[in-house]
Engineer: 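Sending over a structure as structure tokens; questions will come in a sec.
Whatever order the structure lists ligands and atoms in, that order sets their numbers, starting from 1.
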Amino acid sequence: MKKKVLLMGASGSGKTSMRSLIFSNNPASLTARLGATIDVEQNHVRFLGDLILNLWDCGGQDAFMDSYLTTQRSTIFQHVGVLIYVFDVEVNDMKKDLEYYRDCIEGLRQFSPEAAIFLLVHKMDLSRDRAVSFDRKSKELRTASQNVDVNIFATSIYDESLYKAWSSIVHTLIPNAAVLSRHLAIFARACSATEVILFERTTFLVIATSSPTPPSSQGTASPRPEQLDPNDIHQLESTRYERTSELIKAFKYSCSRLREEFQSLELELPDFTAVLDEMTKNAYVMVIVHDPTIETAAIKLNIKMARRKFE
Ligand code: GTP
């Protein structure tokens, strides 16, 4: 099953940079070397089972945009699962950007009316007051979108916000996410775990969790919501998923520099134990246990026994 993802936005807004971080495991510091994308660069990423993401990174220079919206219109906008449109938070005059954006929405309405739309207000690290600039841009974008349903995220390649947005994006493309969550909840109970999280192998984006609320529904407003949920007995941070993705990606990058392959991870801390291990060919599972009487070896054995069920 192939899902087409369109990545669009003005030249220099940061599209290829985010693609290179998420899908190629490159560090943010190397993105300054990237050249402008010529026309469309396509990538295929195999996700869980037979789900393949077909990512179209569309170069944002005016000549290319004009061509997507005219001669290539049907090729670009048909069979789209998700449109991701990237806006540079530092660009004050959005007039031309918004004209192209509205035209793209029109193209989608014509050829892929069911597609989900994600708007990323990007390079938030450059903004002095993140909350204020995000609020202002979001209002502008909602007005430009008129009645179309859009999901807006604040992102930067220099923190975990990018993983939050992209996890939410892929979550909309996974057909059996709710079923997976139910199975993870059963598995969590079997392990006496506080939480179990499933990550995609290459990107380390969150596929599903054992918690009832999926990562996608955890709000899009604040770029760095550090609050703790007062109802949660273990005081889990609301940013834990995207922060784990970011940390593990950085760790994997360090391993690759040492020519070592990342395989699994065990953390035994005074408050909790965390085990990260392979669950299927395309996914890793992280099991978080707060009960000190549960042995790490038992968690690993449970993961081993559950593999067949999840493959
Ligand atoms: P085209 O290929 O021409 O459409 O451009 P693009 O949207 O792919 O832009 P690209 O990813 O090449 O990024 C342009 C510049 O923005 C690079 O120098 C990146 O390092 C920088 N950049 C990307 N994301 C961020 C970010 O989150 N923060 C900051 N400060 N810079 C970023």
Engineer: Ring centres of Trp166 and Phe23 under 6.0 Å apart?
Structural biologist: yes
Engineer: Flag Lys15 as yes when one of its N or O atoms lies below 3.5 Å from any N or O atom of ligand 1, and as no otherwise.
Structural biologist: yes
Engineer: Which ligand 1 atoms, with their elements, are less than 4.0 angstrom from a heavy-atom of Ala36?
Structural biologist: 2 (O), 3 (O)
Engineer: I need the atoms of ligand 1 closer than 4.0 Å to a non-hydrogen atom of Thr37, numbered in the order shown.
Structural biologist: 1 (P), 2 (O), 3 (O)
Engineer: Hydrogens and angles aside, do Arg73 and Gln110 bring a side-chain donor and acceptor to less than 3.5 Å of each other?
Structural biologist: yes
Engineer: May I ask whether Gly9 has any heavy atom positioned less than 4.0 angstrom from an atom of ligand 1?
Structural biologist: no
Engineer: Check the side chains of Asp291 and Ser192 for a donor-acceptor pair under 3.5 angstrom, ignoring hydrogens and angles.
Structural biologist: no
Engineer: Enter the distance from Phe199:CZ to Ile207:CD1 here, rounded to the nearest 0.5 Å.
Structural biologist: 9.5 Å
Engineer: Answer with yes or no whether the side chains of Tyr100 and Asp66 bring together a donor and an acceptor at under 3.5 Å.
Structural biologist: yes
Engineer: Of all the non-hydrogen atoms in the protein, which one sits nearest to atom 27 (O) of ligand 1, and at what distance?
Structural biologist: Ile157 N, 2.9 Å
Engineer: For atom 18 (O) of ligand 1, which protein heavy atom lies nearest, and how many Å away is it?
Structural biologist: Ala32 CA, 3.6 Å
Engineer: Quick one about Thr296 and Glu268 (side-chain donor to acceptor, distance below 3.5 Å, no hydrogens or angles considered), yes or no?
Structural biologist: yes
Engineer: In plain terms, say whether Arg307 and Asp277 are close enough for a salt bridge, that is, a side-chain N and a carboxylate O under 4.0 Å apart.
Structural biologist: yes
Engineer: How does Thr16 reach ligand 1, by side chain, by backbone, by both or by neither, if only non-hydrogen atoms under 4.0 Å count?
Structural biologist: both
Engineer: Check this for me: does any side-chain nitrogen of one of Arg243 and Asp159 sit under 4.0 Å from a carboxylate oxygen of the other?
Structural biologist: no
Engineer: Can you list the steps and then say if Arg19 with Asp57 is a salt bridge (charged side-chain N to carboxylate O under 4.0 Å, His left out)?
Structural biologist: CA-CA 8 Å; Arg19 176 165 68 98; Asp57 179 356; 2.9 Å; yes
Engineer: What protein heavy atom is closest to atom 24 (N) of ligand 1, reported as residue, atom name and distance in Å?
Structural biologist: His122 NE2, 2.9 Å
Engineer: As an exercise, identify every atom of ligand 1 less than 4.0 angstrom from a heavy atom of Tyr158.
Structural biologist: 28 (N), 29 (C), 30 (N)
Engineer: Can you tell me which residue and heavy atom of the protein come closest to atom 3 (O) of ligand 1, and the distance to 0.1 Å?
Structural biologist: Ser11 OG, 2.6 Å
Engineer: If only side-chain N and O atoms count, and only distance matters, is there a donor-acceptor pair under 3.5 Å linking Ser245 with Glu242?
Structural biologist: no
Engineer: Select the closest option to atom 19 (C) of ligand 1 among Ser17, Ser20, Gly59, judged by heavy-atom distance.
Structural biologist: Ser17
Engineer: List the closest protein heavy-atom neighbour of atom 17 (C) of ligand 1: residue, atom name, distance to the nearest 0.1 Å.
Structural biologist: Thr31 O, 3.8 Å
Engineer: With a 4.0 Å cut-off on heavy atoms, does Ala10 reach ligand 1?
Structural biologist: yes
Engineer: Tell me: protein heavy atom nearest atom 22 (N) of ligand 1, and distance?
Structural biologist: Lys123 CE, 3.7 Å
Engineer: Would you say the ring centroid of Tyr85 lies under 6.0 angstrom from that of Tyr101?
Structural biologist: yes
Engineer: Can an N or O of Gln61 be found at a distance shorter than 3.5 Å from an N or O of ligand 1?
Structural biologist: no
Engineer: For Glu99 and Lys96, what are the C-alpha separation, side-chain angles and deciding distance, and is it a salt bridge (charged side-chain N to carboxylate O under 4.0 Å, His left out)?
Structural biologist: CA-CA 5 Å; Glu99 266 169 35; Lys96 198 170 81 185; over 6 Å; no
Engineer: Any N or O on Gly60 sitting closer than 3.5 Å to an N or O of ligand 1?
Structural biologist: yes
Engineer: Which is it for Asp125 and ligand 1 at heavy atoms under 4.0 Å: side chain, backbone, both or neither?
Structural biologist: side chain
Engineer: We want to know whether Glu195 and Tyr241 form a side-chain donor-acceptor pair, criterion being a heavy-atom distance below 3.5 angstrom.
Structural biologist: yes
Engineer: Which ligand 1 atoms does Leu126 reach within 4.0 Å, using its non-hydrogen atoms?
Structural biologist: 30 (N)
Engineer: Looking at non-hydrogen atoms alone, which of Gly12, Ser161, Ser156, Ser127 comes nearest to atom 14 (C) of ligand 1?
Structural biologist: Gly12
Engineer: So which heavy atom in the protein is nearest atom 9 (O) of ligand 1, and how far is it from that ligand atom?
Structural biologist: Gly14 N, 3.3 Å
Engineer: Hey, does Asp57 come in under 3.5 Å of ligand 1, counting only N/O atoms on both sides?
Structural biologist: no
